[in-house]
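Here is the structure we will look at.
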Protein chains: 2
Amino acid sequence: MRQLSKRTQYSLRALYALTRKYGAGPVLISNLSKDEVIPKKFLEQILVSLKGAGFVSSKKGKGGGYLLAQPPEEITIGSVIRAVEGPLAPLPCASETRFRKCDECVDIETCGTRIVMRRVRDAMSEILDETTLAAVCREVDLAKNASSGQDRQT
Amino acid sequence: MRQLSKRTQYSLRALYALTRKYGAGPVLISNLSKDEVIPKKFLEQILVSLKGAGFVSSKKGKGGGYLLAQPPEEITIGSVIRAVEGPLAPLPCASETRFRKCDECVDIETCGTRIVMRRVRDAMSEILDETTLAAVCREVDLAKNASSGQDRQT
DNA sequence: GACAATCACTACTAAACTAGTATACTTACA
DNA sequence: TGTAAGTATACTAGTTTAGTAGTGATTGTC
């Protein structure tokens with residue numbers, strides 16, 4: 001299956017960073033760019049579209065920057081991917097949120113590939129629409145503790 | 001997530017067709033192309049690569065054509081997608097079969113996106129590596145019967 | 001052994017998409 | 001009113017997709 005674009009990876013990375021700073025005021029693009037190693041100009045574009053999608057909001061002028069527009073417990077990875085990348089389903093005709101008959105299939109109900117891809121979509125949605133930014137950050141922290149714990153043991 | 005390419009869709013469609021003709025000798029490219037509405041020259045390329053991957057074999061000259069090289073119960077949708085499209089995982093660093101550290105992530109063990117995408121990969125593999133060409137064709141037949149049954153009822 | 005049927009190989013192309021860069025602008029705080 | 005921010009628009013090099021075109025290599029049949 002095709003891969004997540006850099007744009008999506010950067011979007012998620014930026015959002016994780018904003019999750020960690022949630023409640024502590026706006027974060028500068030330049031800092032985000034430096035900390036997360038994302039080309040600044042590209043990040044600007046990405047943040048503008050994340051703003052358009054309602055995930056972040058911005059403050060102009062001195063003391064400005066970006067911050068999450070919703071609590072990180074309410075932003076799911078699935079919604080971010082959909083906003084940046086498009087539907088989760090591997091085929092438009094297997095999409096729940098943005099269904100579109102594909103050019104090819106004659107009979108939608110009896111298209112073998114669609115039957116299978118519906119299942120794939122459902123499985124993906126079950127994971128991605130249940131996982132929030134906050135949950136991912138928690139898991140990352142756990143993983144970090146686990147690995148540093150191991151380090152200490154050796 | 002990104003969509004299945006036409007190439008993959010055509011590959012699967014061609015393989016379903018060959019599944020239906022399994023055991024009945026070679027099928028002509030021209031017939032496959034006509035029946036499945038796939039541009040002939042493009043289909044030729046696709047079949048050559050499916051042959052390279054070991055899914056089909058061919059016979060040249062008069063009376064020649066293409067046929068499945070393995071029983072349709074033994075070819076999984078996952079293996080076809082992997083051969084045509086590449087790894088199932090949405091990120092190279094989340095792939096089981098073709099793992100590759102991605103340019104971006106500093107620490108693989110504590111990359112949030114990777115943690116989630118590993119799960120997605122596993123879920124996809126569970127479906128795609130368990131579903132065979134034969135199974136898809138059976139399901140399509142069931143769906144066809146069901147819908148024609150409904151037609152009769154009205 | 002000629003001929004026709006059939007797959008095989010190589011090269012080309014137009015359009016779309018990706019991952020950016022560059023330049024100029026607007027807003028807001030002090 | 002200066003300057004630290006984000007905003008908007010446009011451009012570009014490289015890659016991928018979905019083909020098309022033309023020629024070459026085998027093989028079965030008469």
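The analysis underlying the following values was restricted to heavy atoms, covering all of them including side chains, and did not include hydrogens, waters or symmetry mates. We name chains A, B, ... by the order of the sequence lines, and we start the count at 1 in each one.
Salt bridge status for A:D129 with A:R82: present, with a side-chain N to carboxylate O gap under 4.0 Å. Using a cutoff of 4.0 Å between basic side-chain nitrogens and carboxylate oxygens, B:E96 and B:R118 are scored as salt-bridged.
Looking at residues 19-31 of chain B, you'll see B:V27, B:L28, B:I29 sit with a heavy atom under 4.0 Å from some atom of DNA chain C. Taking a 4.0 Å limit (strictly below) on heavy-atom distances, residues 55-64 of chain B reaches DNA chain D at B:K59, B:K60, B:G61, B:K62. Heavy-atom distances under 4.0 Å link DNA chain C to B:V48, B:K51 of residues 46-53 of chain B, given in residue order.
Taking atom CG of residue A:L4 and atom C1' of nucleotide C:dA19, one finds them 15 Å apart after rounding to whole Å. Residue B:L43 contributes atom CG, which lies 14 Å from atom P of D:dA18 at whole-angstrom precision. What separates CD of B:Q3 from C1' of C:dC17 is a distance of 13 Å, to the nearest Å. Rounded to whole Å, the distance from CG on A:L67 to P on D:dG6 is 11 Å. Rounded to an integer number of Å, the gap from CD of B:Q9 to P of D:dT17 is 13 Å. The separation between B:K40 atom NZ and C:dA5 atom P is 11 Å, rounded to whole Å. Atom P of nucleotide C:dC7 and atom CZ of B:F42 are separated by 18 Å, given to the nearest angstrom. One can place CD of B:E44 at 16 Å from P of C:dA5, the figure rounded to the nearest angstrom.
Applying the 4.0 Å criterion to OP1 and OP2 of D:dA18, one finds that B:Y10 has every side-chain N and O outside that range.
Donor-acceptor pairing under 3.5 Å, judged by distance alone, is present between the side chain of B:Q45 and the base of D:dT20.
With no hydrogens or angles considered, no side-chain donor-acceptor pair links B:S11 and B:T8 at under 3.5 Å. A:S30 and A:S33 form no side-chain donor-acceptor contact under 3.5 Å, judged by distance and modelled atom types alone. Side-chain N/O atoms of B:T113 and A:Y16 include a donor and acceptor closer than 3.5 Å. A side-chain donor-acceptor contact under 3.5 Å links A:D107 and A:T110.
Side-chain atoms of A:L128 and B:M117, non-hydrogen and from C-beta on, do get closer than 4.5 Å to each other.
For A:K101, the NZ atom sits in a packed shell: over 12 heavy atoms of surrounding residues, nucleotides or ligands are nearer than 6.0 Å. Annotation for A:E73: atom CD counts as buried by contact number, over 12 foreign heavy atoms lying within 6.0 Å. Surrounding NZ of A:K6 are more than 12 heavy atoms belonging to other residues, nucleotides or ligands, all under 6.0 Å away.
With B:E139 contributing its side chain and A:G112 its backbone, the two residues share no donor-acceptor pair below 3.5 Å. One N or O on the side chain of A:R114 and one on the backbone of A:C93 form a donor-acceptor pair closer than 3.5 Å.
Nearest nucleotide to the B:R7 side chain, out of D:dG19, D:dA18, C:dG20: D:dA18.
In this structure, A:K6 and A:K41 both approach DNA chain C, and ranking their closest nucleotides by distance from the 5' end singles out A:K6.
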